[in-house]
Amino acid sequence: MSDEIQQAPVDISGSDELEKYTLHGRRQIRQLLEELMEHHALIAAHFGNKQSFVTALIGLSEDEDSLFLDVSPDTSINRRVLANDRLLCVTQLDRIRIQFALSELQEVSRSGHNAFRAPVPERILRLQRREFFRLQVPIAHAPSCILNAKGVDDTPRQVDARVLDISVGGVALQLPPAVAEFVIGGKLDDCTLRLPELDSIPLHLEVRNINRNVQRSGTELLRLGCQFVGLSRSGENVIQRYIFNTDRERNARERGGI
């Protein structure tokens, strides 16, 4: 199975960033499922605590409301699948990642063979690699983001935050916890992203999650997960260039080329 399929599922719960890549239309979803069957696409089916097995779609019911997929040859896996309330399916078609969740699974007999049956999913995620790839930033690069925030006394303050990871959809930042006030859903306008050897990018950010992490030294740091708001095409191109160059450099180093 390809590396793309083996990757962990993308978390799409409550993600506005990924909504534009999600199919909802009944006809579109069924057409995509039929394409997966025509191409005999292998599917990594994830369930429980990081468990998975390889399967494939084998048909739709006559009313096209139910989907059939192969069971595992391991009956103990099938029992565990049925004991879970959700099966998360990941595959690819023409280098595009496909992900959907199935619920209410039943094991049935179909054409003399056992199969899982589930309602056709109401939504399917379709992502090209560049759209969901999130780069863990090397410490040696030291990219940063200048935030225009408000201090605890409500006065404007510029905060220099370290970039932990980045995609074309957003960025994770690390900074001391008491330098400014942040709230989930809060907007950070007129920020600046600084990437090594590339032009600075003006940004507008929306805070999507906030976590406090305690380092081994006992120091507490804040981790902000932020979504880009209205990122310009030129800004997206710069970020893509940084991700591509950094990923290529890291791969070359791992192969001993650098």
Side-chain angles (χ1 to χ4, degrees), residues 1-134 167-170 208 227:
M1 192 167 23
S2 72
D3 292 340
E4 195 86 10
I5 298 174
Q6 291 179 21
Q7 290 180 359
V10 175
D11 182 7
I12 62 175
S13 57
S15 175
D16 295 333
E17 176 187 342
L18 297 179
E19 184 61 28
K20 59 185 175 181
Y21 306 115
T22 303
L23 298 180
H24 294 276
R26 178 185 174 96
R27 180 178 298 177
Q28 286 180 308
I29 286 175
R30 281 155 182 75
Q31 286 177 343
L32 181 52
L33 294 174
E34 288 172 353
E35 286 185 55
L36 292 175
M37 286 183 273
E38 289 173 4
H39 287 80
H40 305 289
L42 292 178
I43 292 174
H46 301 262
F47 64 98
N49 184 21
K50 297 183 179 179
Q51 302 175 79
S52 65
F53 68 101
V54 178
T55 184
L57 305 182
I58 55 177
L60 291 168
S61 61
E62 290 186 7
D63 60 10
E64 296 189 343
D65 286 337
S66 296
L67 180 65
F68 297 96
L69 63 158
D70 278 333
V71 296
S72 168
D74 187 333
T75 56
S76 65
I77 289 179
N78 296 332
R79 287 196 297 270
R80 294 198 297 272
V81 169
L82 293 172
N84 280 267
D85 57 3
R86 192 173 79 143
L87 191 67
L88 193 53
C89 299
V90 182
T91 185
Q92 67 173 1
L93 183 65
D94 297 330
R95 300 185 64 82
I96 295 177
R97 182 189 181 111
I98 311 293
Q99 178 175 309
F100 55 91
L102 299 177
S103 58
E104 302 177 29
L105 267 79
Q106 299 176 317
E107 189 170 353
V108 299
S109 178
R110 184 175 187 272
S111 302
H113 300 281
N114 286 357
F116 286 128
R117 176 176 178 154
V120 167
E122 295 182 354
R123 57 191 306 216
I124 295 182
L125 184 69
R126 297 174 70 252
L127 281 175
Q128 294 184 38
R129 180 173 174 83
R130 69 176 182 83
E131 292 162 343
F132 70 87
F133 182 74
R134 183 171 290 274
S167 73
V168 295
R208 303 296 295 176
Q227 177 179 322

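The figures that follow rest on heavy atoms only: side chains count, while hydrogens, waters and symmetry mates do not. This is a predicted model, so every value here is computed, not measured.
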Enumerate donor-acceptor pairs with a distance under 3.5 Å from any side-chain N or O in residues 35-44 to protein atoms, sequence neighbours excluded.
residue : atom : partner : partner atom : Å
H39     : ND1  : E35     : O            : 2.9

In residues 102-115, what donor-acceptor pairs under 3.5 Å come from side-chain atoms, sequence neighbours left out?
residue : atom : partner : partner atom : Å
E107    : OE2  : N114    : ND2          : 3.2
R110    : NH1  : I58     : O            : 3.4

Scan the side chains in residues 73-80 for donor-acceptor partners under 3.5 Å anywhere in the protein, sequence neighbours excluded, and list what turns up.
residue : atom : partner : partner atom : Å
D74     : OD1  : S76     : N            : 2.9
D74     : OD1  : S76     : OG           : 2.5
D74     : OD2  : S76     : OG           : 3.4
N78     : OD1  : S72     : N            : 2.9
N78     : ND2  : S72     : O            : 2.8
R80     : NE   : Q51     : OE1          : 2.7

Q. Given F100 and L32, is the side-chain contact (heavy atoms from CB on, under 4.5 Å) satisfied, shown in steps?
A. CA-CA 11 Å; F100 55 91; L32 181 52; over 6 Å; no

Q) T22 and I124: side-chain contact (heavy atoms from CB on, under 4.5 Å), yes or no, with the steps? A) CA-CA 5 Å; T22 303; I124 295 182; over 6 Å; no

**Q.** Worked verdict on L82 versus F116 for side-chain contact (heavy atoms from CB on, under 4.5 Å)
**A.** CA-CA 9 Å; L82 293 172; F116 286 128; 3.7 Å; yes

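Side-chain contact check for L57 versus T91: every heavy-atom pair is 4.5 Å or farther apart.
The two residues F47 and R86 have their closest heavy-atom pair at CB-O, 4.0 Å. Pairing each heavy atom of I29 with each of E122, the nearest pair is CD1-O, 3.2 Å.
Looking at L87, V71, L69 one by one, the single match for side chain to side chain contact (heavy atoms under 4.5 Å, CB included) with T55 turns out to be L69.
Residues in residues 53-71 take part in these salt bridge (charged side-chain N to carboxylate O under 4.0 Å, His left out) pairs, two or more places apart or across chains: R26-D65, R30-D65.
Put simply, SG on C89 and CD1 on I98 are 12.0 Å apart, with the number rounded to the nearest 0.5 Å.
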